[in-house]
There are 2 protein chains.
Amino acid sequence: MNSKGYLKHIAYDSVVFGFSGEKLKILIMKYHNTGLFALPGGFVKFDEDLNDAVRRGLKERTGLDNIYLEQFYAFGSVARYKPEIMETIMKANGQALEEHSWLLDRFISVAYYALINYEDVVPTPDALSDSCDWYALDELPNLMLDHADIVAKALQTLRDNLERKLVGMNLLPTLFTMKELQKVYEAILGEKLHRGTFQRKILSLGILKRHEKQFSGAAHKAPFLYSFEQK
Amino acid sequence: MNSKGYLKHIAYDSVVFGFSGEKLKILIMKYHNTGLFALPGGFVKFDEDLNDAVRRGLKERTGLDNIYLEQFYAFGSVARYKPEIMETIMKANGQALEEHSWLLDRFISVAYYALINYEDVVPTPDALSDSCDWYALDELPNLMLDHADIVAKALQTLRDNLERKLVGMNLLPTLFTMKELQKVYEAILGEKLHRGTFQRKILSLGILKRHEKQFSGAAHKAPFLYSFEQK
DNA sequence: TTAATATTGTCGCAAATTGAGACAATAAGT
DNA sequence: ACTTATTGTCTCAATTTGCGACAATATTAA
């Protein structure tokens, strides 16, 4: 990793959404010996598309290819330029400052959100961090720099896109019940939805394929299983 | 202008929308002696917010402060890296390549759209261009690099935002008629709207202030004038 | 002075969409 | 066989939307 290989001044950060325990969660990294928490991010190689750089980083962090990904904002304020923070991280990792001085420069960060199936992910820290873990949105640690703003804007954008893009099913396994899908929508919107109305609305879109019944093992009528009808 | 003063690899491009003659138009620059057409763009100073850099550039290009501005996408593909084009532009302007070699590097461009009142603008070319002029969206010249894609995505985003943000009135003078506002919406959406329904919908939002009648001078009932009720 | 014309503000009504409750069906557990 | 929890679907009212109609009015023509 050096200034020959990566574009200066440009980074990306990713808000990786997963759904588990009826809650929306995101991946957070914790840096070695610093107590600093941050979004998974990275840099762009000279000969690499910005989008590909993000996919490459997400593959390392989650083990997944073909992730649902949306770019939502480039954060470019001067206020986010805090070289002492990067210095702290590098020193805590025994990195030579001279060789990596480009990392102490100002960065504009292009932010993406990803939607993945929680069960498929193997969260994997990078060389500078000792953990990469799920945190519920309402139980986030203090994030460094403006990463809390990035999360807030990611969630807002996800809400805005909820109807226009068919976003909900990317957070579930291939097969899921209508109730599970409704819980996803409720978690994203932060409000309860009426069961009958939700079911009617989703089915009217004609994008779900209904499968044979699931045997839930519970003491009540078993729900249908659905899959997302890819176009 | 040198690499000391500006961030490397980062540019912005702006799609400046105006409304005139019942059509949506945007500002296009034409570079000296090259036949190249491009969106107004620029670079970010080391100690300058990205958003401020765009406002600074737009001020130069239009003479306006306090422009309605939305960032919508960062274009970062490798395919848009065409150093020979920038070289052509610089040579046509007698610029020394060595001094400005940072301009021949790869750039990621953060794209914004602006909505302005056509009448208020004095389009002003920069040092490298001999014109900065309005072009209707359906009569654009061939734009360099991926600027046609940028325009297409700007229009798409504008459409998507049309209801959520109260976008229409930023393209009109302070006082305007309901018919004028409807024409703006129709130009953005690319379709005719029903008059009665449109008026009912807009008025129900409660964001317009009705003024005394306009005396249109035409042979029919004079319409009300409205202004946008600032919050 | 009066009639004709074009456009405006508003209304009415049917169609479509949404919100909320109700009911039968059903997979266990008792 | 009865109970319980939950599901799929339906119905009905409330709301929103699409579309045409009507009176009002500023100007021009007769």
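A, B, ... follow the sequence lines: proteins, then strands. Residue 1 opens every chain.
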**Asked** Tell me: NZ of A:Lys213 to C1' of C:dA28, nearest whole Å?
**Response** 13 Å
**Item:** Distance, rounded to the nearest Å, where B:Ile202 contributes CD1 and C:dG9 contributes P
**Value:** 13 Å
**With B:Glu60 via salt bridge (charged side-chain N to carboxylate O under 4.0 Å, His left out) - residues at least two apart** = none
**Prompt:** Got a sec, which residues hit salt bridge (charged side-chain N to carboxylate O under 4.0 Å, His left out) with B:Lys59, two or more places apart in sequence or on another chain?
**Reply:** B:Asp65
**Prompt:** Is any side-chain heavy atom of B:Tyr112 less than 4.5 Å from a side-chain heavy atom of B:Asp13?
**Reply:** no
**Request:** Please list, in 5' to 3' order, the outermost nucleotides of DNA chain D lying under 4.0 Å from any heavy atom of chain A.
**Result:** D:dT4 to D:dT11
**Prompt:** Counting only non-hydrogen atoms, which of residues 172-184 of chain B are less than 4.0 Å from DNA chain C?
**Reply:** B:Lys179
Ignoring hydrogens and angles, tell me if any N or O in the side chain of [X] forms a donor-acceptor pair with the backbone of [Y] under 3.5 Å.
| X | Y | result |
| --- | --- | --- |
| B:Asp126 | B:Leu128 | yes |
| B:Thr124 | B:Val122 | yes |
| B:His9 | B:Arg106 | yes |
| A:Ser131 | A:Asp133 | no |

List the residues meeting side chain to side chain contact (heavy atoms under 4.5 Å, CB included) with [X], not counting sequence neighbours, and say none if there are none.
| X | value |
| --- | --- |
| B:Asp146 | B:Phe75, B:Arg80, B:Asp149, B:Ile150 |
| A:Asn161 | A:Glu70, A:Tyr113, A:Thr157, A:Arg164, A:Lys165 |
| B:Glu212 | none |

**Listed once per pair and sorted, the ring-ring contact (aromatic ring centres under 6.0 Å, His included) pairs that draw on residues 119-153 of chain A, sequence neighbours left out** = A:Tyr118-A:Trp134
**Message:** Can you pull out every ring-ring contact (aromatic ring centres under 6.0 Å, His included) where at least one residue sits in residues 177-199 of chain B? Sequence neighbours excluded, please.
**Reply:** B:Tyr185-B:Phe198
**Message:** Let's see if you get this right: which residues in residues 185-201 of chain A place a heavy atom under 4.0 Å from DNA chain D?
**Reply:** A:Arg195, A:Gln199, A:Arg200
Extract from the structure each pairing of a protein N or O with an N or O of nucleotides 3-5 of chain C at less than 3.5 Å, listing the distance.
unit_1	atom_1	unit_2	atom_2	d
C:dT5	O2	B:Ala219	O	3.4

Which atom pairs, donor and acceptor, lie under 3.5 Å between side-chain atoms of residues 16-28 of chain A and protein residues at least two apart or in another chain?
unit_1	atom_1	unit_2	atom_2	d
A:Lys23	NZ	A:Asp138	OD1	3.4
A:Lys23	NZ	A:Asp138	OD2	3.2
A:Lys23	NZ	A:Glu139	OE2	3.4

**Request:** Could you check A:Ala222 against B:Ala222 and say which one's nearest nucleotide on DNA chain C is further toward the 5' end?
**Result:** B:Ala222
